[in-house]
There are 2 protein chains.
Amino acid sequence: MTGRKERADAARNRAKVLAAAAVLFADKDPRTVTMEEIARAAGVGRGTLYRRYPDPASIASALLDEHERSLQRELLQGEPPLGPGAPPGDRLAAFYAAMTALMERHVHLVLGAETGRTRFDAGAYGFWRAHVIALLRAAGTPGPDALADALLAPLAPEVFTHQRERGLTTGQIAEGLTLLAHRVLPG
Amino acid sequence: MTGRKERADAARNRAKVLAAAAVLFADKDPRTVTMEEIARAAGVGRGTLYRRYPDPASIASALLDEHERSLQRELLQGEPPLGPGAPPGDRLAAFYAAMTALMERHVHLVLGAETGRTRFDAGAYGFWRAHVIALLRAAGTPGPDALADALLAPLAPEVFTHQRERGLTTGQIAEGLTLLAHRVLPG
DNA sequence: AATTAAGTGGACACGGTGTCCGTTTAAGAC
DNA sequence: GTCTTAAACGGACACCGTGTCCACTTAATT
């Protein structure tokens, strides 16, 4: 994945950076974490940081990557209702539940990974989108392209954060989305 | 609204600022418009700008205000299906259509008005939220609090922009939301 | 041990922020 | 019309983050 050979000092610094960044994203408002800050916390020069990552968002993405890939694998090859086999409505509900759970643990990173609209340009969004479109098609829903973005919108980290701050529990949020899934894709 | 008497020069500058800002928000990426830039374009000192507005978002909000209030009036007292009298599903669909139309004309400003999560703190969001909750209650939908935010999420300006850039027309977006409205609130 | 290419980190120029305060100017009193 | 005063103005200032550049260091190779 990362061009074959990595020098020992480079690997050491990459680890330091990721570890330091993980702490920062968790401790402060993830949107205010700066490159300078990460460099300082990691004990690394600014230039070194920029060599690998263009901005804080890409560092958060690197930290998030593993978790997202894991969920993507389950969607493609896992057990129903998350994986193939269950009716579309159930699969959508399961997807919502999984994403909610992922957010519960990693909102910091998702917030840090998204500077404004970055959300849609990231590879992950394309994956979720394709998945939802497939479910809509399987249910014969008209205009799946437009609907898919609408159905993914509630998963924006800002929405999740806002709901939690309003006093809603993760469970309540997931229940709301389950209802949504089953009304949109009855079955 | 603004403490009764405003001095002539103050009023003149306020007008200059709003006019200049309107142009800037329309011409460039609204999220990159800076206070310095607005001050320069308006031919006004930085201090003068800060006297009234704390940041570019508040200026965009000021420009947007009139349009939002107008829609709010229609929701409360206008003709059905936007105003009271129609079944909840139809009213939600009409609300979606109206918001989509408003975005079509003023995405620039909505994008400029929202720095990250500001969306939820703004007064307008509370209004939309209360409206949607009322519709959900009227239809006897369980857990309206959690669902309301989910149903409003597709109206985030970033989502709209993304959809337009993907090639969807405003009409297709509105159709998708209409379908969503009627599936969530059948009637 | 010598070579070399990758990696490092700090300095630099730039641009935006928000505040502070000496100066200007409109509005009301007489 | 002048005077007074408080509001409004605008530029300077100190600060912080950005992204680049390049002289230096260090790991890997022969």
Side-chain angles (χ1 to χ4, degrees), chain A residues 1-21 23-25 27-62 108 111-118 121, chain B residues 1-21 23-25 27-62 108 111-118 121:
Chain A
M1 168 152 275
T2 314
R4 266 280 272 94
K5 284 178 189 170
E6 186 176 33
R7 244 171 64 168
D9 52 350
R12 209 180 318 131
N13 277 338
R14 146 169 285 126
K16 282 201 290 182
V17 164
L18 290 178
V23 173
L24 284 175
F25 282 122
D27 281 3
K28 334 185 353 173
D29 178 343
R31 271 167 308 237
T32 70
V33 174
T34 100
M35 288 296 262
E36 168 137 22
E37 219 174 355
I38 297 172
R40 238 177 331 187
V44 156
R46 303 171 43 62
T48 303
L49 202 48
Y50 276 102
R51 156 172 285 266
R52 277 192 259 291
Y53 307 103
D55 49 44
S58 67
I59 302 179
S61 290
H108 317 107
L111 278 170
E114 300 181 6
T115 306
R117 59 178 304 182
T118 320
D121 305 330
Chain B
M1 163 155 279
T2 312
R4 265 283 270 95
K5 285 177 192 172
E6 187 177 34
R7 247 171 63 164
D9 51 351
R12 210 179 318 132
N13 278 338
R14 145 170 285 126
K16 282 201 290 182
V17 164
L18 290 178
V23 173
L24 284 176
F25 282 123
D27 282 2
K28 336 183 352 170
D29 178 344
R31 271 168 306 235
T32 70
V33 174
T34 112
M35 288 296 262
E36 169 135 23
E37 218 174 355
I38 297 173
R40 240 178 329 193
V44 155
R46 302 170 44 63
T48 304
L49 201 49
Y50 277 103
R51 158 172 285 266
R52 276 191 263 288
Y53 307 104
D55 50 42
S58 67
I59 301 179
S61 290
H108 318 107
L111 277 170
E114 300 181 4
T115 306
R117 59 178 303 182
T118 321
D121 305 330

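Chain A is the first sequence line, chain B the second, and so forth, proteins listed ahead of strands; every chain is numbered from 1.
The line from CD of E6(B) to CZ of R14(B) is 4.5 Å long, rounded to the nearest 0.5 Å. Atom CG of L49(A) and atom CZ of R51(A) lie 12.0 Å apart (nearest 0.5 Å). Atom OG1 in T48(B) sits 9.0 Å away from atom NZ in K16(B) (nearest 0.5 Å). Taken to the nearest 0.5 Å, the OG1 atom of T32(B) stands 3.5 Å off from the NZ atom of K28(B).
No donor-acceptor pair closer than 3.5 Å links the side chain of R52(B) to the backbone N or O of V17(B). A donor-acceptor contact shorter than 3.5 Å links the side chain of E37(B) to the backbone of T34(B).
Nucleotide dG10(C) holds its C1' atom 14 Å from the CZ atom of R40(A), rounded to whole Å. Straight-line distance from the CG atom of L24(B) to the P atom of dG16(C): 12 Å, rounded to whole Å.
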Annotated protein contacts, base or backbone, on nucleotides 18-30 of chain C with a non-hydrogen cut-off under 4.0 Å, one of B, S, - each = BB-----BSSS--
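Within the nucleic acid shown, T48(A) comes within 4.0 Å of at least one base atom, counting heavy atoms only.
Note on T34(B): a side-chain N or O is less than 4.0 Å away from OP1 or OP2 of dT17(C). Taking side-chain N and O atoms only, N13(A) has a distance below 4.0 Å to OP1 or OP2 of dT8(C).
Heavy-atom contacts of chain A under 4.0 Å fall on DNA chain D between two terminal nucleotides, which in 5' to 3' order are dG17(D) to dT29(D).
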Report, one line per pair, each donor and acceptor closer than 3.5 Å where one atom sits in a side chain of residues 55-62 of chain B; sequence neighbours left out.
unit_1, atom_1, unit_2, atom_2, d
D55(B), OD1, A57(B), N, 3.3
D55(B), OD1, S58(B), N, 3.0
S58(B), OG, D55(B), O, 2.7
S61(B), OG, A57(B), O, 3.2

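Across all their heavy atoms, Y53(B) and M35(B) have their closest contact at O-CE, 3.1 Å.
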